[in-house]
Student: 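Okay, here's the structure, questions in a sec.
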Amino acid sequence: MKKEIQFTPIDLQTWPRGSVFYYFSHMAPTGYSITVDMDVTKMRADLKKAGLKFFPAYLWLVTKVLNEQQEFRIADQDGQIGYYDSLTPLYATFHEDDKTFSLCGGG
C-alpha cells in the first residue's frame, strides 16, 4: 500500500524565512543549480553485476538525498507555499513501438 504524500502549508507571515522567500520569489526571482564531480565507477560496476540500470538507481539516490533537506521539498501548490513530506523520483520511458513517452517510478 502506497503512503499518501502530505503537503504542509507554510505561513509566510510567521515563517522565519518568509521575508527572504518573498524577496527571492517575487522581487528578485532566482533559481539554483548544482554541479558536482562524482566518481561513479564502483556504483556502475555494482549495478551491472546486479543486473540493474544506472539511471533509475542514480535518480533514486539523488531523490533520497534531496528528501533529507526540507528546503528542497518546498513547492507552490495552488498558490500555497509549503513543503512535501517526501519527493518521489519519476523518469520518462520511451516506447519505440509508437514513439511516445510515459512516466515511470513513484515506488
Side-chain angles (χ1 to χ4, degrees):
M1 180 177 190
K2 283 188 178 181
K3 179 185 130 188
E4 176 99 13
I5 296 174
Q6 298 298 311
F7 181 79
T8 302
I10 294 173
D11 180 356
L12 293 178
Q13 302 302 316
T14 60
W15 186 37
R17 300 179 66 187
S19 61
V20 173
F21 181 86
Y22 181 84
Y23 179 81
F24 285 108
S25 63
H26 290 85
M27 300 175 77
T30 60
Y32 61 88
S33 64
I34 295 174
T35 302
V36 178
D37 289 325
M38 294 178 7
D39 182 356
V40 296
T41 306
K42 181 170 175 14
M43 178 182 164
R44 287 183 63 105
D46 290 346
L47 289 168
K48 186 173 185 175
K49 191 183 299 183
L52 300 171
K53 294 188 178 284
F54 177 80
F55 184 71
Y58 164 80
L59 187 59
W60 181 85
L61 285 169
V62 168
T63 304
K64 182 179 183 319
V65 171
L66 292 175
N67 273 324
E68 293 173 2
Q69 188 73 33
Q70 179 178 307
E71 287 76 11
F72 289 129
R73 295 181 274 120
I74 291 177
D76 179 328
Q77 186 181 74
D78 302 323
Q80 172 66 58
I81 300 300
Y83 61 91
Y84 290 101
D85 63 343
S86 66
L87 301 173
T88 301
L90 295 173
Y91 54 94
T93 297
F94 181 69
H95 304 286
E96 188 65 46
D97 58 343
D98 62 1
K99 311 292 189 231
T100 61
F101 290 90
S102 61
L103 291 178
C104 300

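As the structure is a computational prediction, the values presented were derived from the model and not from experiment.
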Student: Using the rule side-chain contact (heavy atoms from CB on, under 4.5 Å), only one of L66, N67, T63 pairs with F72; which is it?
Tutor: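 The single option meeting the side-chain contact (heavy atoms from CB on, under 4.5 Å) with F72 is L66.
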Student: Within this structure, what is the NE2-CG distance for the pair H26 and L12, rounded to the nearest 0.5 Å?
Tutor: 8.0 Å
Student: With a 4.5 Å heavy-atom cut-off, do V40 and F54 have their side chains touching?
Tutor: yes
Student: Do L59 and V65 belong together in a cluster built from hydrophobic side chains that touch within less than 4.5 Å?
Tutor: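 Each belongs to a different hydrophobic cluster.
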Student: Would you say the side-chain atoms of Q80 pair up with the backbone N or O of I10, donor to acceptor, closer than 3.5 Å?
Tutor: yes
Student: Are the side chain of R73 and the backbone N or O of Y84 linked by a donor-acceptor pair below 3.5 Å?
Tutor: yes
Student: Is the shortest side-chain heavy-atom distance between E71 and R17 below 4.5 Å?
Tutor: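 Side chain of E71 against side chain of R17, heavy atoms only: contact under 4.5 Å found.
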Student: Hey, quick one: are M38 and W60 part of the same hydrophobic cluster, counting side-chain heavy atoms closer than 4.5 Å, chains of contacts allowed?
Tutor: yes
Student: Any chance CG of D98 has more than 12 other-residue heavy atoms, nucleotides or ligands included, within less than 6.0 Å?
Tutor: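 Enclosed.
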Student: Over all heavy atoms of both residues, which pair between Q77 and F7 is shortest? Give the atoms and the distance, please.
Tutor: OE1-CD2, 3.2 Å
Student: Applying a strict under-4.5 Å side-chain criterion to I, L, V, M, F, W and Y, I'd like to know whether I74 and I5 cluster together.
Tutor: no
Student: I'd like to know whether NZ of K99 has more than 12 heavy-atom contacts from other residues, nucleotides or ligands below 6.0 angstrom.
Tutor: yes
Student: Using a side-chain heavy atom cutoff under 4.5 Å and only I, L, V, M, F, W and Y, what cluster partners does Y22 have?
Tutor: V20, Y23, F24, M27
Student: Atom CG of L87 and atom NZ of K64: how far apart are they, to the nearest 0.5 Å?
Tutor: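 Those atoms lie 13.0 Å apart.
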Student: Measure the spacing between CG of D11 and CD1 of I81 and express it to the nearest 0.5 Å.
Tutor: 12.0 Å
Student: Would F94 end up clustered with L103 when hydrophobic side chains under 4.5 Å apart are linked, directly or stepwise?
Tutor: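 No, F94 and L103 fall in different hydrophobic clusters.
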Student: State, to 0.1 Å, how close S102 and H95 come at their nearest heavy-atom pair, and which atoms those are.
Tutor: OG-NE2, 2.7 Å
Student: So which pairs with a foot in residues 74-92 pass salt bridge (charged side-chain N to carboxylate O under 4.0 Å, His left out), sequence neighbours left out?
Tutor: K3-D85
Student: Decide if atom CD of Q13 counts as having more than 12 heavy atoms of other residues, nucleotides or ligands within a radius under 6.0 Å.
Tutor: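 No - once you tally the heavy atoms of other residues, nucleotides and ligands closer than 6.0 Å, there are 12 at most.
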